Amino acid sequence: MISNPRKDEFRRETKIKTALLGATGAVGQVFMWMLSDHPWFDITRISASESRVGKKYGNDVHWILPMEIPKNIQEITIQSFDIEAMKAEGIQIVFSALPNPVAEKVEPLLIEAGFAVFSNAAAMRYKKDVPIMIPEANIEALSWIEKQGYPEKGFIVTNANCSTTGLAVAMAPLKKFGIKDLSVSTYQSVSGAGHPGLSALDITNNVIPYIGSEEEKMIIEFKKILSVETEIFPFCVRVPIMFGHLETVWVEFEQHVELPDVIDAWNNSANGIDHLPSTPLLPIEYDPQENLPQTKQAFYGVPAGMTVFTGRLKKQGNRIGFALLVNNVVKGAAGGSIQNAEAFVAKYLDK
Ligand SMILES: NC(=O)c1ccc[n+]([C@@H]2O[C@H](COP(=O)([O-])OP(=O)(O)OC[C@H]3O[C@@H](n4cnc5c(N)ncnc54)[C@H](OP(=O)(O)O)[C@@H]3O)[C@@H](O)[C@H]2O)c1
């Protein structure tokens with residue numbers, strides 16, 4: 001499975017040098033896979049925890065993704081986290097797939113050093129002038145980097161928590177109907193807890209109706225991304241699935257909405273982002289078959305894992321119900337971050 005079959009449409013002469021922090025984790029592996037043949041970005045430097053410094057990526061990583069490790073990344077040496085070395089190597093963009101407590105310390109240093117930082121961690125998400133960006137939903141938030149001082153200074157763009165990402169992508173085209181009230185239940189895969197993550201003894205043959213801080217994140221992030229004040233009511237549940245978060249939603253709108261209005265909005269959800277190489281051919285794919293979406297579709301779509309799948313659409317009283325599937329480690333993490341960096345390059349470097 002190649003990571004981006006559309007890459008030839010987007011080829012550029014000189015690739016931009018990037019660094020990846022947290023390259024061996026669940027999200028880091030998706031970055032490595034997607035960046036291994038990215039048309040704009042070159043993986044110039046990777047790091048993980050200190051004990052891995054000097055080791056070859058292919059030998060040392062515990063690869064959990066369902067495709068083989070691309071050959072061209074296997075020989076890359078894991079290096080130390082060294083800001084001066086990163087500057088000397090001409091790195092412009094830094095992708096962060098670090099755990100939150102590490103990101104909290106490291107990301108401000110990177111901004112201070114002048115890098116363009118694209119992060120998956122929650123550490124900086126709620127700070128003023130820091131966008132939580134999902135191109136399908138709020139690409140305009142990219143200009144907040146100017147409030148952070150770009151181009152004179154470095155900046156950070158974050159992407160949302162994985163379950164919020166799926167919800168925000170599916171709801172963005174429906175925002176025009178006025179979101180009055182929204183309840184969501186999630187069925188989240190174990191890769192969402194990182195690697196090694198949950199103990200197999202806890203999650204095998206089991207469902208756990210609690211994921212620390214997840215519901216709070218959904219409430220805050222959904223409002224920040226879509227600029228709405230709507231109260232949302234989430235339940236977040238861990239299920240024994242490797243990849244993909246399924247979510248079921250009940251929403252009431254200010255306006256009268258029928259099912260074809262929703263389908264129409266999803267089918268016309270392009271947000272002017274076709275020029276970004278990782279934008280999916282179909283950002284939202286609605287399927288009327290009653291047993292879809294399913295988590296086995298997590299790596300479906302082009303590029304794989306970037307589409308949000310919707311289905312089970314129904315109306316009861318004034319409420320619209322539907323189910324969605326988001327790939328938590330691709331669209332909900334590394335892929336979203338790469339797409340954000342592409343939006344930055346297109347708007348500010350290639351103008
Ligand atoms: N998993 C998801 O679905 C998902 C979705 C959205 C956002 N996120 C966020 O993305 C970030 C990464 O998540 P993940 O699931 O990939 O986590 P993970 O599997 O635990 O990976 C963490 C990565 O950070 C490295 N690391 C740990 N401590 C370090 C330190 N002190 N210094 C340098 N590197 C260190 C690890 O290296 P070693 O392997 O050497 O320990 C590993 O490469 C987190 O902030 C998470 O909340 C995750």
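On a predicted model such as this, the values are computed, not experimentally measured, just so you know. Ligands are counted one by one from 1 in listed order, and the atoms in each one are counted from 1 as well.
To the nearest 0.5 angstrom, Ile284 atom CD1 is 10.0 Å from Met171 atom CE. With rounding to the nearest 0.5 angstrom, the OG1 atom of Thr279 is 7.5 Å from the CD1 atom of Ile139. The distance from the CD atom of Glu221 to the OH atom of Tyr126 is 3.5 Å, given to the nearest 0.5 Å. Expressed to the nearest 0.5 Å, how far CH2 of Trp250 lies from CG of Asn318 amounts to 11.5 Å. Atom CD1 in Ile46 sits 5.5 Å away from atom CD1 in Ile76 (nearest 0.5 Å). The distance from the CD1 atom of Ile156 to the CZ atom of Phe115 is 13.0 Å, given to the nearest 0.5 Å.
Among Val27, Thr158, Ile46, the residue whose heavy atom sits closest to atom 4 (C) of ligand 1 is Val27. Comparing Ala333, Ser80, Gly194 against atom 17 (O) of ligand 1, the shortest heavy-atom distance belongs to Gly194.
Within a 6.0 Å sphere centred on CZ of Arg312, other residues, nucleotides and ligands contribute 12 heavy atoms or fewer.
Residue contact check: Asn100 has heavy atoms under 4.0 Å from atoms 45 (O) of ligand 1. In summary, the atoms of ligand 1 found under 4.0 Å from a heavy atom of Ala121, numbered by their order in the structure, are 45 (O). Numbered from 1 in the order shown, with element, the atoms of ligand 1 that lie under 4.0 Å from a heavy atom of Val329 read 3 (O). Shown in contact with Arg52 at under 4.0 Å from a heavy atom are these atoms of ligand 1, numbered in order with element: 38 (P), 39 (O), 40 (O). For ligand 1, the atoms sitting less than 4.0 Å from at least one non-hydrogen atom of Thr24 are 36 (C), 37 (O), 38 (P), 39 (O), 40 (O), 42 (C), 43 (O), numbered in the order shown with element in parentheses. Near Asn328, meaning under 4.0 Å from any of its heavy atoms, are these atoms of ligand 1: 3 (O), 5 (C). In summary, the atoms of ligand 1 found under 4.0 Å from a heavy atom of Ala23, numbered by their order in the structure, are 43 (O).
Considering backbone and side-chain atoms alike, Gly22 places an N or O below 3.5 Å from some N or O of ligand 1. Any N or O atom pair closer than 3.5 Å counts here, and His245 shares no such pair with ligand 1.
Of all protein heavy atoms, the one closest to atom 21 (O) of ligand 1 is Gly25 CA, 3.2 Å. The protein heavy-atom contact nearest to atom 40 (O) of ligand 1 is Ser49 OG, 2.4 Å. The protein heavy-atom contact nearest to atom 44 (C) of ligand 1 is Leu98 O, 3.2 Å. For atom 12 (C) of ligand 1, the nearest non-hydrogen atom of the protein is Ala97 O, 3.2 Å. For atom 20 (O) of ligand 1, the nearest protein heavy atom (residue, atom name, distance) is His195 O, 3.6 Å. Nearest protein neighbour of atom 27 (C) of ligand 1, counting heavy atoms only, is Pro99 CG, 3.6 Å. Atom 47 (O) of ligand 1 has as its closest protein heavy atom Asn120 O, 4.6 Å. Considering only non-hydrogen protein atoms, atom 31 (N) of ligand 1 sits nearest to Val102 CG2, 3.7 Å.
Side-chain contact between Gln339 and Pro280 is present, with at least one heavy-atom pair separated by less than 4.5 Å.
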Inset, instruction - Please test Glu136 against Lys331 for salt bridge (charged side-chain N to carboxylate O under 4.0 Å, His left out), starting from the C-alpha separation and ending with a verdict. - result: CA-CA 11 Å; Glu136 288 83 346; Lys331 179 62 194 168; 2.8 Å; yes
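With a 4.0 Å cut-off on non-hydrogen atoms, Ala122 does not touch ligand 1 at all. Only the backbone of Ser191 comes within 4.0 Å of ligand 1, counting heavy atoms alone; no side-chain atom from C-beta on gets that close.
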Return a table of donor-acceptor pairs under 3.5 angstrom between the side chains of residues 197-205 and protein atoms on other chains or two or more places apart.
from, atom 1, to, atom 2, distance (Å)
Ser199, OG, Leu201, N, 3.0
Thr204, OG1, Ala200, O, 2.6

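With sequence neighbours excluded, the residues that form a ring pair (Phe, Tyr, Trp, His ring centres under 6.0 Å) with Phe322 are Trp266.
By the 4.0 Å heavy-atom criterion, Asn161 is excluded from the residues contacting ligand 1. Under the 4.0 angstrom criterion for non-hydrogen atoms, Gly332 is in contact with ligand 1.
Side chain of Thr158 to main chain of Ser119: no donor-acceptor pair is present (N/O by atom type, distance under 3.5 Å, no hydrogens or angles).
Note: His38 and Trp40 have perpendicular aromatic rings, judged against thresholds of 30 and 60 degrees for the angle between ring planes.
Considering Tyr57, Phe118, Phe95 as possible partners of Phe31, the one that fulfils the ring pair (Phe, Tyr, Trp, His ring centres under 6.0 Å) test is Phe95.
Within the 4.0 angstrom cut-off, atom 23 (C) of ligand 1 has one or more protein heavy-atom neighbours.
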